[in-house]
Protein chains: 2
Amino acid sequence: MPSPTPTRARMSADRRREQLLDVTKEMVGEQGFHAVSIEGVARRAGITRPVVYGHFDDLGALLEAMVEREGTRALAQLAEILPTELAEGGSPRDDLLAGLSGYLAAVAADPITWRLVLMPPEGAPPVLREQISRGRDAVVAALADVVRPGLGPGSESPDAELTARMLSSVADESARLMLTDPSRYPRERLLAHAAWLLRQLEPG
Amino acid sequence: MPSPTPTRARMSADRRREQLLDVTKEMVGEQGFHAVSIEGVARRAGITRPVVYGHFDDLGALLEAMVEREGTRALAQLAEILPTELAEGGSPRDDLLAGLSGYLAAVAADPITWRLVLMPPEGAPPVLREQISRGRDAVVAALADVVRPGLGPGSESPDAELTARMLSSVADESARLMLTDPSRYPRERLLAHAAWLLRQLEPG
DNA sequence: GCCCGATGTTACAGCCGTGTAAGTTGCCTC
DNA sequence: GAGGCAACTTACACGGCTGTAACATCGGGC
């Protein structure tokens, strides 16, 4: 992530807008949504409030714009990961593991954004929850497709959607552990355990 | 939950204190921590700010006291549930299922408090996270004890702590689903699925 | 090279929450 | 039934954030 250029120089509207969103994201990451104010963002960006108002109607609009941008990025990352899981290639188990691996990589690469998704803070604009819920539904749907046929004969889930949700929840919990205590829960440990878990779910 | 008596009458210090905590809990439940203010609590309680200051040093202390009280209650509820899981009685699977069942019942009985635990909102005093983390560790430890010997021969977990965490995470996700969409995810559906899941984890 | 629009600032009025000091009122006791 | 303490209110000084209007300045294009 490029540092949010606390430049004093003048900026084009586009650059300024991006910078303000960067600053907002940083502040949310550090202190949460409730700590963000137009005043604070302006101060941190090295400018004055009216400039911010020139770009965003009010605090809500600013936060929404930030969430919108980050959400879009996160969904794009997901889009790159999910197809992997549906590849007709390997076994469902390998697909799921590859998906988890990609997911953890994406989370590690942009912790602030994914922290928003994984620990959705109150005070966030409703757009966030909607976006998260949309993303999660996509994931669950994809997982359900993998799970429905069963990981092997005799292990068909009686409730594919719920199974998918639980898998998604396990993946999220893994990501959460990695985010909050990476030294104790390195990616290899999480992946190794997931591999064991999925093996258990196979018949025989 | 007794309604928080918006009485105008004078109150004993103890009753007033409890009422203020009730009001605070309500407001947090409705609008989140960030929306709570001494002013707001006083207004809702039908009194003036100095009364609140008579009981709590500042907003932080008020929120901490509320979290403290609710946390203690939640931990007490957990304490009633957890031993069940360790009962030498039935199979590990039955113990785990009974534990989940009790957990879901507790959550349904006091949604506001458990929502705090399951969806820990930013803006909450650090005490909350500490209390949650303490509670979760207790649960994970208990689950790990159940899981370590394996749910059956040949199914010993290579990483009991992580397995326990995943089980705990699945239970939490179940509770979360029940809280956010009870008609779609009634307790029976969640329990039935958990039963299937645990059966899959058994060997053979 | 100068001019005009875009970028940015200073300044003001207002709202809401904080915390405290001083005074008032109700209740319980002796 | 009068004192006295606990419960409560009124009132004030203060600080931070919100929006907006009026003014200043930079810089690219003709």
Side-chain angles (χ1 to χ4, degrees), chain A residues 4-67 121-126, chain B residues 4-67 121-126:
Chain A
T5 27
T7 318
R8 280 220 147 275
R10 292 201 167 196
M11 272 183 202
S12 75
D14 284 357
R15 283 185 60 76
R16 181 63 81 192
R17 195 188 142 91
E18 288 304 300
Q19 183 217 15
L20 293 179
L21 292 178
D22 286 343
V23 166
T24 303
K25 177 182 176 184
E26 273 195 6
M27 294 185 70
V28 167
E30 288 168 12
Q31 311 165 280
F33 281 90
H34 70 288
V36 178
S37 66
I38 298 278
E39 171 70 24
V41 168
R43 201 157 39 213
R44 183 134 165 185
I47 51 173
T48 55
R49 274 175 293 128
V51 176
V52 182
Y53 282 109
H55 290 275
F56 307 96
D57 281 352
D58 55 16
L59 185 60
L62 171 60
L63 293 177
E64 278 189 24
M66 188 276 277
V67 163
E122 116 193 356
Chain B
T5 27
T7 319
R8 280 222 146 272
R10 289 199 171 200
M11 272 183 201
S12 75
D14 285 357
R15 284 184 58 76
R16 181 63 81 192
R17 194 188 141 91
E18 288 305 301
Q19 184 218 14
L20 293 179
L21 293 179
D22 287 344
V23 166
T24 303
K25 176 181 175 184
E26 273 196 4
M27 295 185 69
V28 167
E30 288 168 11
Q31 312 166 279
F33 280 91
H34 70 289
V36 179
S37 66
I38 298 278
E39 171 71 24
V41 168
R43 202 157 39 211
R44 181 135 166 185
I47 51 175
T48 55
R49 273 175 293 127
V51 177
V52 182
Y53 283 108
H55 290 274
F56 306 96
D57 281 352
D58 55 16
L59 184 60
L62 171 60
L63 293 177
E64 278 188 24
M66 188 275 277
V67 163
E122 117 193 354

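Owing to the predicted nature of the structure, the values given are computational and were not obtained by experimental measurement. Lettering follows sequence order; numbering is per chain, from 1.
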In whole angstroms, how far is the [atom2] atom of [N] from the [atom1] atom of [X]?
X: B:Gln19; N: D:dA7; atom1: CD; atom2: P; value: 14 Å
X: A:Phe56; N: C:dG8; atom1: CZ; atom2: C1'; value: 16 Å
X: A:Arg17; N: C:dA6; atom1: CZ; atom2: C1'; value: 17 Å
X: B:Met11; N: C:dG26; atom1: CE; atom2: C1'; value: 15 Å
X: A:Arg15; N: D:dC26; atom1: CZ; atom2: C1'; value: 17 Å
X: B:Tyr53; N: D:dA7; atom1: OH; atom2: C1'; value: 18 Å
X: B:His55; N: D:dA7; atom1: NE2; atom2: P; value: 7 Å
X: A:Ile47; N: C:dT9; atom1: CD1; atom2: P; value: 7 Å

Could you check which of [options] has an atom nearest any side-chain atom of [X]?
X: B:Pro50; options: C:dA21, C:dG8, C:dG17; value: C:dA21
X: B:Thr48; options: C:dT9, D:dT9, D:dC17; value: D:dT9
X: B:Glu39; options: D:dT18, C:dG17, D:dA21; value: C:dG17
X: B:Leu59; options: D:dG19, D:dA21, C:dT18; value: C:dT18

Which atoms form the tightest heavy-atom contact between [X] and [Y], and what is the distance?
X: A:Tyr53; Y: A:Asp58; result: CE2-CA, 4.5 Å
X: A:Arg17; Y: A:Ala65; result: NH2-CB, 4.1 Å
X: A:Arg16; Y: A:Gln19; result: NH1-OE1, 2.7 Å

Contact under 4.0 Å: A:Arg16 side-chain N or O vs C:dG8 OP1/OP2: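 Yes, because at least one side-chain N or O of A:Arg16 sits under 4.0 Å from OP1 or OP2 of C:dG8.
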A:Glu30 vs A:Arg44, test: salt bridge (Lys or Arg N to Asp or Glu O under 4.0 Å). Steps then yes/no. CA-CA 13 Å; A:Glu30 288 168 12; A:Arg44 183 134 165 185; 2.9 Å; yes
Check this for me: does the side-chain of B:Arg49 come within 3.5 Å of the base of C:dG19 through a donor and an acceptor?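 Flag set: donor-acceptor pair detected.
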Quiz question: going by heavy-atom distance under 3.5 Å, is there a donor-acceptor pair between the base of D:dT25 and the side chain of A:Arg10?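 Yes.
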Given side chains that start at C-beta, do those of B:Val41 and B:Leu59 come closer than 4.5 Å, heavy atoms only?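 No. Closest side-chain heavy atoms not under 4.5 Å.
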Base, sugar-phosphate, or nothing: which does B:Ser37 touch, judged by heavy atoms less than 4.0 Å apart?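 Contact class for B:Ser37: sugar-phosphate only.
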